[in-house]
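Written out below as structure tokens is the structure these notes cover.
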Number of protein chains: 2
Amino acid sequence: MNRKRVTLAQVAAEAGVAASTASLVLAGRGSELRLSQALQERVRAAAERLGYRPNAVSVGLRTGSTRTLAFISDSVASSRLAGEMIKGAIDAARARGFLVFVGETGGDVQLERQLLNAMFDRQVDGLVLASMITHRRALPPEATRTPAVLLNLEVDGATDVPRVLPDEYAAGREAVGHLLERGLRDIHLIGAGPTEDDAPPFSLGAQQRLHGILDALRDAGLEPASGSPVIQWLPPEGFRLTSQLLDGGVVPQALICFNDRLAMGAYQALGERGLAVPDDVSVVSFDDVSFAQWLRPGLTTFALPHRAMGKRAVELLIDRVEAAKDDTGAGDAAVAPSLLPMPLRVRASVREVDAAAAVPRV
Amino acid sequence: MNRKRVTLAQVAAEAGVAASTASLVLAGRGSELRLSQALQERVRAAAERLGYRPNAVSVGLRTGSTRTLAFISDSVASSRLAGEMIKGAIDAARARGFLVFVGETGGDVQLERQLLNAMFDRQVDGLVLASMITHRRALPPEATRTPAVLLNLEVDGATDVPRVLPDEYAAGREAVGHLLERGLRDIHLIGAGPTEDDAPPFSLGAQQRLHGILDALRDAGLEPASGSPVIQWLPPEGFRLTSQLLDGGVVPQALICFNDRLAMGAYQALGERGLAVPDDVSVVSFDDVSFAQWLRPGLTTFALPHRAMGKRAVELLIDRVEAAKDDTGAGDAAVAPSLLPMPLRVRASVREVDAAAAVPRV
DNA sequence: CTGTTAGCGCGTTCAT
DNA sequence: ATGAACGCGCTAACAG
């Protein structure tokens with residue numbers, strides 16, 4: 001029941017020409033080759049009438065290009081953000097006429113190889129290798145012999161493979177800037193800090209957030225009022241850390257939570273003690289997960305631009321794929337990572353004080 | 001740099017046999033056709049040595065089967081649950097040697113057709129058409145001429161295309177059962193009700209949840225203490241609805257929230273009035289979104305089995321694909337939908353009373 | 001037991 | 001201006 005497809009041969013027969021002729025006019029090269037308008041119209045009409053669509057498998061075999069991409073990540077299901085990354089990728093691909101195979105490894109190297117093989121067997125034109133948590137890894141050898149781009153991933157040493165990453169460092173700086181501008185100087189860190197070394201070792205993003213925060217503070221002649229590193233960034237930890245801080249008798253002016261889940265826990269701890277956000281304590285955070293906007297009050301947070309990252313990654317990839325076609329032989333020069341801005345979602349968790357008290361922007 | 005692939009011809013040459021012979025032994029039909037063991041070994045060794053992998057595009061063209069599936073949904077990014085559905089699907093596919101093209105329409109019919117075409121052009125063996133919100137829709141004509149299964153979607157009339165859906169009705173029944181067993185009889189509905197007609201018209205799932213709840217209540221000789229239909233099931237609505245209830249002077253014994261977002265809003269409203277969950281009011285809900293476990297206390301909720309649904313859908317699909325190969329001609333009999341159970345995640349939002357006060361299970 | 005032949009559907013010379 | 005012929009890489013008839 002599947003083989004109802006119309007072939008080029010049928011179109012040619014219908015139009016009374018040879019298959020090759022039909023191929024030419026449908027490829028738009030008819031006028032270039034000075035085929036009569038009448039004939040061209042005849043072919044086009046026949047194709048239209050029959051509902052002809054080229055068999056992409058055949059074209060792929062013939063031309064070596066399948067207009068198909070591989071998207072392999074360690075996790076597609078962990079959060080909405082993962083979905084956003086994929087959506088950005090498949091949308092951008094479709095916009096340029098590509099389809100994408102998506103695979104998930106769960107971090108299993110074995111499985112990754114298996115998927116890579118299965119996709120390359122199907123002659124994908126390029127590969128985006130993605131991760132849901134920004135970290136550093138080695139490239140699989142397959143990624144070398146075909147156009148590839150890394151998404152939310154960094155590699156060691158100089159490399160010619162493009163990477164796209166969120167600009168965590170800048171977001172860290174902006175987070176303290178946002179607080180300082182509003183006169184908040186008693187800033188406590190929840191999830192990492194107080195020193196450069198106090199960040200989860202596996203998360204590049206965490207390290208850069210911290211780095212940005214500390215640098216911005218230092219530039220203002222300040223340092224964190226406290227810091228509390230922790231390995232898991234989940235609400236219970238946020239709750240515990242914030243509770244400890246509060247139990248120590250301090251009421252912080254502002255909290256920088258290293259992600260929204262920690263912030264959710266912080267809200268809970270604050271709420272249990274009758275402390276109001278933002279009147280008693282201000283909170284800024286990172287990620288902009290779904291519930292950030294539903295917390296009361298709405299959480300001010302820096303969004304991980306996952307959609308944009310997915311989009312950028314496949315755009316870079318397709319650029320490479322199409323460049324590789326007209327093989328210039330170049331393209332193996334080291335390339336810097338593309339850093340995408342993390343937009344600030346201003347909501348209601350940071351206190352708005354009068355301008356007089358605020359430190360002017362530097 | 002991409003064309004380093006070893007072909008069957010090279011393997012055959014290396015082994016000193018004809019290509020067709022090599023093909024046969026690598027397909028495992030060597031012994032069946034009584035080829036000498038020595039020859040078979042030679043071929044296998046050559047393939048191994050050269051790192052041969054069949055070009056799946058060529059195989060696809062030749063055999064008509066690409067071992068590739070189409071997964072098209074209206075949204076992949078809306079929630080973690082969407083990701084789970086996809087993960088279930090791609091995992092099940094991989095386990096059976098299939099890869100999947102993922103596409104998203106955003107509900108745009110135009111785009112859906114475009115994606116369908118692009119995927120069928122690439123000769124996918126089957127289609128899963130999915131939605132993130134359970135509803136009823138018409139089948140695109142393409143879904144008729146190839147194996148297809150509907151995921152979280154229902155169609156009008158009898159049909160031979162399999163559908164997989166969560167068992168919302170059963171979950172609705174169980175929700176009231178869970179409350180009744182614990183002696184809770186003053187049950188208020190947040191998001192729908194109090195009558196059968198008070199449910200969002202576009203959501204089949206909502207209607208069935210409500211139906212199950214009402215039936216179970218009726219079986220126990222009860223009816224909802226109140227109901228409050230609303231179109232958007234988001235935290236602000238949950239907050240508003242619950243606040244209204246409370247402002248009316250009633251302190252409900254138990255709330256059935258129609259989803260976790262509404263429940264989050266209910267928690268907030270309760271919290272603002274100093275009412276404790278579950279000591280003052282119990283809450284059950286549906287979906288089991290990510291934050292349900294992070295609410296304090298943890299939210300007892302019926303999980304949408306998205307992962308399992310994705311898995312089941314592709315398993316049914318692949319069964320059909322492989323059945324269609326050895327064309328029995330059958331398969332066009334009407335088929336009932338596969339209803340997957342929504343497991344109850346018992347957490348801490350329902351009060352545990354002493355058995356004496358509880359209504360025994362029927 | 002093995003190799004030859006044919007063709008899946010298409011794009012691309014190369015002679016007309 | 002047009003069509004015949006070839007081949008992408010593979011599988012499956014059929015001969016030998």
Side-chain angles (χ1 to χ4, degrees), chain A residues 2-43 46-47 50-68 120-125 325, chain B residues 2-43 46-47 50-68 120-125 325:
Chain A
N2 198 0
R3 299 285 87 82
K4 301 201 113 179
R5 284 191 77 95
V6 176
T7 70
L8 181 61
Q10 295 175 38
V11 173
E14 174 88 4
V17 300
S20 53
T21 308
S23 175
L24 258 0
V25 347
L26 293 178
R29 313 211 304 152
S31 299
E32 168 193 330
L33 298 187
R34 312 202 183 185
L35 303 188
S36 73
Q37 282 303 325
L39 180 149
Q40 294 195 40
E41 260 329 301
R42 219 166 358 119
V43 172
L50 266 32
Y52 170 71
R53 311 202 99 240
N55 180 327
V57 172
S58 179
V59 173
L61 179 59
R62 181 65 245 246
T63 65
S65 162
T66 53
R67 296 195 82 77
T68 281
F120 282 126
D121 286 351
R122 286 164 177 80
Q123 306 291 109
V124 294
D125 293 332
K325 229 171 24 190
Chain B
N2 199 0
R3 297 285 86 84
K4 300 201 119 181
R5 284 191 76 96
V6 176
T7 71
L8 181 61
Q10 296 176 36
V11 173
E14 175 89 3
V17 300
S20 54
T21 308
S23 175
L24 258 358
V25 347
L26 293 179
R29 312 211 304 151
S31 299
E32 167 192 331
L33 298 187
R34 314 204 182 184
L35 303 189
S36 74
Q37 283 303 327
L39 180 149
Q40 293 195 40
E41 261 326 304
R42 217 163 3 116
V43 172
L50 266 32
Y52 171 71
R53 311 202 99 239
N55 180 329
V57 171
S58 179
V59 174
L61 178 59
R62 182 63 244 242
T63 65
S65 163
T66 53
R67 296 195 83 77
T68 281
F120 281 126
D121 287 351
R122 286 166 178 80
Q123 305 290 108
V124 294
D125 293 331
K325 229 172 23 190

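Quick caveat: nothing in here was measured; it's all calculated off a predicted structure. So that the names make sense, note that chain A is the first sequence line, chain B the second, and so on, each numbered from 1.
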Which heavy atom of [X] sits nearest a heavy atom of [Y], and at what distance?
X: B:R42; Y: B:V17; answer: NH1-CG1, 4.3 Å
X: A:R53; Y: A:R5; answer: O-NH2, 3.0 Å
X: A:V25; Y: A:Q40; answer: CG2-O, 4.1 Å
X: B:Y52; Y: B:V6; answer: CD1-O, 3.3 Å
X: A:A22; Y: A:L8; answer: CB-CD1, 3.8 Å

Can you tell me the distance, in whole Å, between the [atom1] atom of [X] and the [atom2] atom of [N]?
X: B:N55; N: D:dG7; atom1: CG; atom2: P; value: 18 Å
X: A:Q37; N: D:dA1; atom1: CD; atom2: C1'; value: 13 Å
X: B:Q123; N: C:dC10; atom1: CD; atom2: C1'; value: 12 Å
X: B:R62; N: D:dC8; atom1: CZ; atom2: C1'; value: 14 Å
X: B:D121; N: C:dC10; atom1: CG; atom2: P; value: 10 Å
X: B:R29; N: D:dA12; atom1: CZ; atom2: P; value: 6 Å
X: A:R53; N: C:dC10; atom1: CZ; atom2: P; value: 12 Å
X: A:E32; N: D:dT2; atom1: CD; atom2: C1'; value: 15 Å

Nearest to the [X] side chain among [options], which nucleotide is it?
X: A:L61; options: D:dT2, D:dT11, D:dG9; value: D:dG9
X: A:L35; options: D:dA1, C:dG11, C:dC1; value: D:dA1
X: A:L8; options: C:dA6, C:dC10, D:dT2; value: C:dC10

Charged N to carboxylate O below 4.0 Å: is that the case for A:D121 and B:R67?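 Answer for the salt bridge query: no.
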Looking only at the side chains, is there a donor atom on one of B:R122 and A:T68 sitting less than 3.5 Å from an acceptor on the other? yes
Quick one: is D:dC10 close enough that its OP1 or OP2 comes under 4.0 Å of any side-chain N or O from B:Y52?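 Looking at the OP1 and OP2 atoms of D:dC10, one of them is under 4.0 Å from a side-chain N or O of B:Y52.
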Identify, residue by residue, the members of residues 10-28 of chain A with a heavy atom below 4.0 Å from DNA chain D, and return them in order of residue number, or none.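 Those residues are A:V17, A:A18, A:S20, A:T21.
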